[in-house]
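Quick caveat, the model's predicted, so the values are computed rather than measured.
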Amino acid sequence: MAPRRPVAAATGVVLILEGLGLVAVHWVLSLFVHGQSMSLDGLDPGHMMWGTRAAGLALGGFVALCGVLALRTALRDRSPGRAARAALVGCAVTHGVLGAVAVGLVGWDAFALLMTVLALLVLTLLSYAAPHPSVTAEPSGDGRGPQRGDGHLQAGQQPAQQGQ
């Protein structure tokens, strides 16, 4: 099994750097939109510029937040909470979809990079799996686990018929 903390820390650092990169790329794209006075179906180029910047800040902020959550998981060495796990899963899904799109638009290098980040996210999520509720529950009886008659079937035992 892979070491949990270094993988989660590497995932966090990579996601923070990727978030900063996304903000920078969108900012540069907004400068091109403004400089070329580009428009989509008559939209104001100023609105296009600010929309590109806002989209870059939102996407980059989300990815960087997921990086902070992964770093926090590595520092605490505990499974992330429900909301943090949902954010990390959402980030993984986003990387999967963007990787599929990147093959056609950018090329295989971008696909490989996005799939590497996806693999780090999945490895972090799996290595810090949420504990199953039955694992943390107190054993029944005198501490020796399930006993006969606790509703559990023993090997070779048939279920009892109801209403006998």
Test side-chain contact (heavy atoms from CB on, under 4.5 Å) applied to Thr11 and Val117, step by step: CA-CA 7 Å; Thr11 303; Val117 177; over 6 Å; no
Closest non-hydrogen atom pair between [X] and [Y], with its separation:
{"X": "Ala74", "Y": "Ala9", "value": "CB-N, 3.6 Å"}
{"X": "Val106", "Y": "Ala110", "value": "CG1-CB, 3.6 Å"}
{"X": "Val63", "Y": "Gly19", "value": "CG1-N, 3.8 Å"}
{"X": "Phe111", "Y": "Ala102", "value": "N-CB, 4.4 Å"}
{"X": "Ala87", "Y": "Cys66", "value": "O-SG, 3.5 Å"}
{"X": "Ser79", "Y": "Arg85", "value": "OG-NH2, 2.9 Å"}

Working to the nearest 0.5 Å, report the span between [atom1] of [X] and [atom2] of [Y].
{"X": "Thr94", "Y": "Leu98", "atom1": "OG1", "atom2": "CG", "value": "6.5 Å"}
{"X": "Leu15", "Y": "Phe62", "atom1": "CG", "atom2": "CZ", "value": "9.5 Å"}
{"X": "Glu18", "Y": "Leu59", "atom1": "CD", "atom2": "CG", "value": "8.0 Å"}
{"X": "Arg5", "Y": "Tyr128", "atom1": "CZ", "atom2": "OH", "value": "6.0 Å"}
{"X": "Leu120", "Y": "Leu125", "atom1": "CG", "atom2": "CG", "value": "11.0 Å"}
{"X": "Arg53", "Y": "Ser30", "atom1": "CZ", "atom2": "OG", "value": "3.5 Å"}

Please determine whether the number of non-hydrogen atoms from other residues, nucleotides or ligands lying under 6.0 Å from atom CZ of Arg72 exceeds 12. no
State whether the number of non-hydrogen atoms from other residues, nucleotides or ligands found under 6.0 Å of Asp77 atom CG is greater than 12. yes
So if you build clusters from Ile, Leu, Val, Met, Phe, Trp, Tyr with side-chain heavy-atom gaps below 4.5 Å, do [X] and [Y] land together?
{"X": "Val68", "Y": "Leu75", "answer": "no"}
{"X": "Leu118", "Y": "Leu126", "answer": "yes"}
{"X": "Trp27", "Y": "Val33", "answer": "no"}
{"X": "Val93", "Y": "Leu69", "answer": "no"}
{"X": "Val14", "Y": "Leu22", "answer": "yes"}

Pick one: which of Leu57, Leu31, Leu29 meets side chain to side chain contact (heavy atoms under 4.5 Å, CB included) with Thr52? Leu29
Do we see a donor-acceptor contact under 3.5 Å between the side chains of Arg4 and Thr73? no
Using side-chain heavy atoms (C-beta onward) and a distance below 4.5 Å, is Val13 in contact with Leu17? yes
